[in-house]
Amino acid sequence: MTRLAQTAGLNDVQQEILSTVRDFVDKEIIPVATQLEHRDEYPTEIVEGLKELGLFGLMIPEEYGGLGESLLTYALCVEEIARGWMSVSGIINTHFIVAYMLKQHGTQEQKDTFLPRMALGEVRGAFSMSEPALGSDVAAITSKGVKDGADYVLNGQKMWLTNGGTSSLVAVLCRSDEGHPEGTAPHKSMTTFLVEKEPGFGEVRPGLTIPGKIDKMGYKGVDTTELIMDGLRIPANRVLGGTTGRGFYQMMDGVEVGRVNVAARGCGVAQRAFELGVSYAQQRHTFGKPIAQHQAIQFKLAEMATKVEAAHAMMVNAARKKDSGERNDLEAGMAKYLASEYCKEVVEDAFRIHGGYGFSKEYEIERLYREAPMLLIGEGTAEIQKMIIGRRLLEEYRFQG
């Protein structure tokens, strides 16, 4: 039988990369993931392995020391890694969003400074939009960057930074009124600042504090933090792209990549849940036969597999659309919405197949059951995706009466 979620049209290099990543996941991640997750322990050895494989430079152009691969290749690698442990895919996701934003929007000096070290994993990225009083309402941010001589002074509090502690470069979105008269639309007076810092917690540079990790229901191991700026001075050459007022558009471009990533993570987690469910269903016996031979369980497995296939197909389509250079917010929104919802449903069905054992921390499905809800929120809730999808559909199907 052909394994679920195969991708047609991959070249030899892509297939070799995916085969290598899958082997790494099976040998180095799956055997230790649940143990590390229960301890909320950062997967240092796994991250070092990813660095050796060159995955931190997967999408960074070859001229900067990366592999120069496509978003599709990256998304398929993320799918495999999330199949092993979703937290590991989170470690590379925010790194790649920042690298992508630098590649697309950075000045030549910014690219030369950061991309070669990011390709090696020596500099690891995080990005920051959300604040304590807002999530998806990005236009309502209150953090500010004010020009002061040759520098900008940043003040404000940010929330939900993946890799907030372990990163050494954070792309931070702030309001910047300089050069933008009163009454300017909020999204036209935002700027992305590239903030360099030491990895760790506490005051990581003058004016910048990273409090300890936020204790979460799932998605453990990877550090999720706040970021507090109090008189943080940033030189003007660390404005992404060198011009203020473009931050909202730069971040939204990065978030499109992030939504494909979250869709890929949903596909990976759903695949693993299906694998666990179909395996357990053939081992567990009731009424004299494996429960897999009961029609009710076969129906569940059929539905789960179909959802895995559908989500994978939409994720691949969104990645290929972005790689073609076309606008993909519609496809990325659809893929993120469908994959995260289907992931939740497939995980729950696998949980039900496990019966009472699914509630035990000895079984891997318990971890997946706590991880899946994060995908419903990350990179925009289902409601936000529906708004994006609805608006784009109305653009495409405008009534001509």
Side-chain angles (χ1 to χ4, degrees), residues 29 32 36-37 39-60 64-66 81 85-102 106 110-130 143 154 156-174 192-216 219-235 237-238 240 254 258 261 378:
I29 298 182
V32 299
L36 291 175
E37 197 270 350
R39 296 203 301 255
D40 198 7
E41 182 177 328
Y42 188 81
T44 302
E45 292 185 10
I46 292 173
V47 170
E48 289 301 313
L50 295 178
K51 287 167 66 174
E52 290 180 15
L53 292 177
L55 288 189
F56 281 97
L58 189 62
M59 274 183 68
I60 294 174
Y64 299 107
I81 292 169
W85 185 14
M86 192 180 74
S87 293
V88 178
S89 65
I91 290 170
I92 63 173
N93 176 40
T94 54
H95 175 83
F96 266 105
I97 290 177
V98 177
Y100 173 82
M101 290 168 63
L102 276 163
Q110 290 167 353
K111 295 176 186 177
D112 292 339
T113 298
F114 295 114
L115 288 180
R117 290 185 293 154
M118 293 185 80
L120 295 173
E122 293 175 356
V123 169
R124 301 227 291 275
F127 81 110
S128 178
M129 293 191 298
S130 293
S143 297
L154 276 52
Q157 184 177 2
K158 292 292 188 178
M159 195 71 177
W160 306 117
L161 275 77
T162 300
N163 296 325
T166 49
S167 61
S168 47
L169 177 67
V170 185
V172 182
L173 186 66
C174 293
T192 302
F193 294 92
L194 300 171
V195 178
E196 299 168 81
K197 70 175 187 67
E198 290 296 319
F201 301 96
E203 189 174 33
V204 292
R205 64 175 285 178
L208 179 62
T209 300
I210 304 291
K213 294 195 299 183
I214 296 169
D215 193 14
K216 300 164 298 198
Y219 197 41
K220 294 179 179 289
V222 61
D223 47 296
T224 304
T225 74
E226 299 174 66
L227 178 147
I228 300 170
M229 302 174 290
D230 184 10
L232 172 63
R233 300 191 74 89
I234 299 295
N237 66 357
R238 290 298 174 258
L240 180 61
N261 171 283

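All heavy atoms count here, side chains included; hydrogens, waters and symmetry mates do not.
- Heavy-atom neighbours of Glu203 CD from other residues, nucleotides or ligands within 6.0 Å: above the threshold of 12.
- Judged by distance alone, the side chain of Lys213 and the main-chain N or O of Asp40 form a donor-acceptor pair under 3.5 Å.
- Using modelled atom types, one side-chain atom of Ser168 and one backbone atom of Arg124 make a donor-acceptor pair closer than 3.5 Å.
- Between Leu55 and Ile81 there is a side-chain heavy-atom pair separated by less than 4.5 Å.
- For the pair Ala171 and Thr192, the tightest heavy-atom approach, listed with the atom from each and the gap, is CB-CG2, 3.9 Å.
- Of the possible polar contacts, none joining the Asn261 side chain to the Asn93 backbone as a donor-acceptor pair under 3.5 Å is found.
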Verify side chain to side chain contact (heavy atoms under 4.5 Å, CB included) between Phe56 and Ile92, making sure each step is shown before the conclusion.
CA-CA 7 Å; Phe56 281 97; Ile92 63 173; 3.9 Å; yes
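- With rounding to the nearest 0.5 angstrom, the CG atom of Leu50 is 10.5 Å from the NE2 atom of His95.
- Other residues, nucleotides and ligands contribute only 12 or fewer heavy atoms inside 6.0 Å of the CD atom of Glu198.
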Salt bridge (Lys or Arg N to Asp or Glu O under 4.0 Å) evaluation trace for Glu196 with Arg205
CA-CA 9 Å; Glu196 299 168 81; Arg205 64 175 285 178; 5.7 Å; no
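- A distance-only check finds no donor-acceptor pair linking the side chain of Gln110 to the backbone of Leu115 [under 3.5 Å].
- Here the CG atom belonging to Asp223 is positioned 10.5 Å from the OG atom belonging to Ser87, to the nearest 0.5 angstrom.
- The nearest pair of heavy atoms linking Phe201 to Thr225 is CE2-CG2, 3.8 Å.
- With rounding to the nearest 0.5 angstrom, the CZ atom of Phe193 is 12.5 Å from the OG atom of Ser128.
- Note: Asn163 CG to Thr94 OG1 = 3.5 Å, rounded to the nearest 0.5 Å.
- A pairwise comparison of heavy atoms in Val222 and Tyr42 identifies CA-CD1, 4.5 Å as the closest pair.
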Criterion side chain to side chain contact (heavy atoms under 4.5 Å, CB included) on Ile46 and Ile91, from CA distance to verdict:
CA-CA 11 Å; Ile46 292 173; Ile91 290 170; over 6 Å; no
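- A donor-acceptor pair is defined here as one N or O able to donate and one able to accept, closer than 3.5 Å; no such pair exists between the side chain of Lys51 and the backbone of Val47.
- Contact of the Leu194 side chain with the Met101 side chain is not registered, since no non-hydrogen atoms from C-beta on lie closer than 4.5 Å.
- Residues Trp85 and Pro43 come closest through the heavy atom pair CZ3-CB, 3.8 Å.
- Side-chain contact between Thr162 and Tyr219: present, with at least one pair of heavy atoms (C-beta onward) separated by less than 4.5 Å.
- Within the 4.5 Å cutoff, side-chain heavy atoms of Leu227 are placed close to those of Ile210.
- In this structure, NZ in Lys197 is found 11.0 Å from OG1 in Thr209, a value given to the nearest 0.5 Å.
- Looking at Leu102, Val195, Thr113 one by one, the single match for side chain to side chain contact (heavy atoms under 4.5 Å, CB included) with Leu169 turns out to be Leu102.
- Checking side-chain atoms of Asp230 against main-chain N and O of Gly207 turns up no donor-acceptor pair under 3.5 Å.
- With sequence neighbours left out, Phe127 forms a ring pair (Phe, Tyr, Trp, His ring centres under 6.0 Å) with no residue at all.
- Between the side chain of Lys158 and the backbone N or O of Met129, at least one donor-acceptor pair lies under 3.5 Å.
- Closest non-hydrogen pair, Gly125 versus Ser167, comes out as C-CB, 4.0 Å.
- Of all non-hydrogen atoms in Met229 and Cys174, the two that sit nearest each other are CE-SG, 3.9 Å.
- Considering OH of Tyr100 and CD1 of Ile60, their distance stands at 13.5 Å, rounded to 0.5 Å.
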